[in-house]
Amino acid sequence: MPDSFSHGIAVAKVTAKDLDFDKIKQAHRDDYHLFFLLEEGTALFEIDFQKYRLEQHCIMYIQPFQVHRGLSVDNVEFYMLIINNESLNSEYLQLLKDIAPAQPLPLTKEVFSIISETTSLCLKFYNRKHEKLHPLLLRDSCNSLVALIISQYLVKSKSIDTISRFELITKKFRSILDSDFMHTKSPTDFAKKLNISNVYLNECVKKVTEKSVSYHIQQRVILEAKRLLYHSNKSVKEIAFELGYYDYPYFSRLFKKVTGMTALSFRCRSKNID
């Protein structure tokens, strides 16, 4: 990571010799957005307890607060962009929420070349700190880069014109779930937020995902519990309270039901994996 985080943005080009792998392999989470543009080599990363292999000419996006770590790198050379919420165009920030969680995305040589050239320009602006309009140049160029990256993810998804009502409602539900899951646990309450009936919300979500609303609520809560178990030293009881469960035994049963193991077993097992 660059030494300075100027104006909520940092840009760097990194090669294998620059990396401190002992630090990379330590799981951590950040409160900003990370973009990696892999030019050369291969890498294996773990993001929210899922492993992803990165090949040459691909993008990896890590959203704020995802737990992540590097498992292996081989002759890598990549660009990295770090940017916080305050530095992002509000429309791009919403689109990033829509595409998250995003898997690594392979690019064609033509598209990769365009994004690589844009990233190189961002790096030049990042280093020209003497420019009087440096903060604006940096912010605007990096937002253009983010827009290019988002556009590639959107190419892989349906356009708004082809999304069915079921898909649209499911998308809205997932967005609300991601922001409200600590305080809202009932499918009925999510349906009220969307001004539809609980039955209809469940019908939409099941039609699109083949899973119930309750399933998605539980999965989102348990994902956050896993993040806290891995990344913090809080007790299971403290984590349960933080996630809105004041009935600690119920939370413990829920965690075991969803994951097949107790919360303490998960913490011990995950932290012992190299």
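Only a predicted model underlies this, so the values are computations on that prediction, with no experimental measurement involved.
Ring-plane geometry between H33 and F35 is classed as parallel, the angle between the planes falling under 30 degrees on a 0 to 90 degree scale with a further cut at 60.
For the pair K185 and Y245, the distance from NZ or CZ to the six-membered ring centre is under 6.0 Å and the angle to the ring normal is within 45 degrees. Taking the ring axis of F49 as reference, the NZ or CZ atom of K51 does not stay both within 45° of it and closer than 6.0 Å to the ring centre.
Screening V205, V208, T209 against F166 for a side chain to side chain contact (heavy atoms under 4.5 Å, CB included) leaves a single residue, V208.
Side-chain contact check for H216 versus F173: some heavy-atom pair is nearer than 4.5 Å. Side chains of T262 and F255 form no contact here, defined as non-hydrogen atoms less than 4.5 Å apart. Side-chain contact between T188 and L201 is absent, with no heavy atoms from C-beta onward closer than 4.5 Å. Side chains of V258 and Q219 form a contact here, defined as non-hydrogen atoms less than 4.5 Å apart. Using a 4.5 Å heavy-atom cutoff, the side chains of I239 and R267 are in contact. With contacts defined as side-chain heavy-atom distances shorter than 4.5 Å, the pair Q103/Q50 does not qualify. Two residues are said to be in side-chain contact when any heavy atoms from C-beta on lie closer than 4.5 Å; L254 and I222 meet this criterion. Counting only heavy atoms from C-beta outward, the side chains of L145 and L81 approach each other to under 4.5 Å.
Scanning for ring-ring contact (aromatic ring centres under 6.0 Å, His included) contacts around Y79 gives an empty result, with sequence neighbours left out. When the salt bridge (Lys or Arg N to Asp or Glu O under 4.0 Å) test is applied to R253, no partner is found at least two apart in sequence or on another chain. Residues forming a side-chain contact (heavy atoms from CB on, under 4.5 Å) with R220 (at least two apart in sequence, or on another chain): L177, D178, F181, L223, E224, R227. Residues passing the side-chain contact (heavy atoms from CB on, under 4.5 Å) test with N75, sequence neighbours excluded: none. Considering only residues two or more places apart in sequence or on other chains, H68 meets the ring-ring contact (aromatic ring centres under 6.0 Å, His included) condition with H28.
Of all heavy-atom pairs between L264 and V236, the closest is CD2-CG2, 3.8 Å. Minimum interatomic distance between I9 and Y126 (heavy atoms only, all atoms of both residues): O-CE1, 3.4 Å. Nearest heavy atoms, A43 versus V73: CB-CG1, 4.0 Å. In plain terms, the two heavy atoms of S175 and Q94 that are nearest each other are OG-NE2, 4.3 Å. When all heavy atoms of V11 and C142 are compared, the pair lying nearest together is CG2-SG, 3.9 Å. When all heavy atoms are compared, the tightest approach of A100 to Y61 is CB-CE2, 4.4 Å.
Defined by atom type and a distance below 3.5 Å, a donor-acceptor pair is present between the side-chain atoms of E39 and S116.
In terms of hydrophobic clustering, with Ile, Leu, Val, Met, Phe, Trp and Tyr side chains grouped at heavy-atom distances under 4.5 Å, L19 and I82 are assigned to a common cluster. One hydrophobic cluster, built from ILVMFWY side chains closer than 4.5 Å, cannot hold both V199 and Y215; they sit in different ones. The cluster map of Ile, Leu, Val, Met, Phe, Trp and Tyr, joined by side-chain heavy atoms under 4.5 Å apart, puts V146 and F65 in different clusters. M182 is connected to I176 through a chain of hydrophobic side-chain contacts under 4.5 Å among Ile, Leu, Val, Met, Phe, Trp and Tyr, so both are in one cluster. Transitive grouping of hydrophobic side chains (ILVMFWY, heavy atoms separated by less than 4.5 Å) keeps F125 and I115 in distinct clusters.
Atom NE2 of H57 and atom CG of L38 lie 8.5 Å apart (nearest 0.5 Å). Note that the OH atom of Y200 and the OG atom of S197 stand 8.5 Å from one another [nearest 0.5 Å]. Note that the OG1 atom of T119 and the CG atom of L37 stand 5.0 Å from one another [nearest 0.5 Å]. To the nearest 0.5 Å, the span separating OH on Y32 from CD1 on I62 amounts to 10.0 Å. Between the CG atom of D74 and the CD atom of E40 there is a distance of 11.5 Å, given to the nearest 0.5 Å. Atom CG of L93 sits about 9.5 Å away from atom CD1 of I83, to the nearest 0.5 Å.
Although no hydrogens or angles enter the test, the distance criterion places a donor-acceptor pair under 3.5 Å between the side chain of S151 and the main chain of L148. For S141 (side chain) and L138 (main-chain N/O), a donor-acceptor pair under 3.5 Å exists by modelled atom type. A donor-acceptor pair under 3.5 Å links the side-chain atoms of S144 to the main chain of D140, judged by distance alone. Put simply, the side chain of D180 never gets that close to the backbone of H183: no donor and acceptor are under 3.5 Å apart. Listed for the D30 side chain is no donor-acceptor partner under 3.5 Å among the backbone atoms of P64. Judged by distance alone, the side chain of N127 and the main-chain N or O of L123 form a donor-acceptor pair under 3.5 Å. Counting only distance, with no hydrogens or angles, the side chain of D48 and the backbone of V67 share a donor-acceptor pair below 3.5 Å. Under the 3.5 Å distance criterion, the side-chain polar atoms of E238 are matched with a main-chain donor or acceptor of S235. A donor-acceptor pair under 3.5 Å is formed between the side chain of N143 and the backbone N or O of R139.
Between F241 and Y248, the distance from one ring center to the other does not fall under 6.0 angstrom. Taking the six-membered ring for Trp, F36 and F78 have ring centres closer than 6.0 Å.
The 12-atom threshold is exceeded at CD of E55, counting heavy atoms of other residues, nucleotides or ligands nearer than 6.0 Å. Counting heavy atoms of neighbouring residues, nucleotides and ligands inside a 6.0 Å radius, atom NZ of K207 does not exceed 12 of them.
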Identify each donor-acceptor pair in which a side-chain atom of residues 107-114 lies under 3.5 Å from a protein atom, sequence neighbours left out, and give them as a table.
unit_1 : atom_1 : unit_2 : atom_2 : d
T108   : OG1    : V111   : N      : 3.2
S113   : OG     : E117   : OE2    : 3.4

Chi angles and distances behind the side-chain contact (heavy atoms from CB on, under 4.5 Å) call for T259, K226:
CA-CA 10 Å; T259 67; K226 286 179 176 180; 3.7 Å; yes
When you look at Y52 and L44, which way does the side-chain contact (heavy atoms from CB on, under 4.5 Å) test go after all the steps?
CA-CA 6 Å; Y52 299 99; L44 183 66; 5.9 Å; no
Evaluate F190 against I217 for side-chain contact (heavy atoms from CB on, under 4.5 Å), listing each step before the verdict.
CA-CA 10 Å; F190 280 106; I217 295 170; 3.6 Å; yes
Going through the checks in order, is the side-chain contact (heavy atoms from CB on, under 4.5 Å) test met by K129 and H134?
CA-CA 6 Å; K129 295 179 172 60; H134 176 255; 3.8 Å; yes
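Under the 4.0 Å criterion applied to side-chain N and carboxylate O atoms, E167 and R165 are not assigned as salt-bridge partners.
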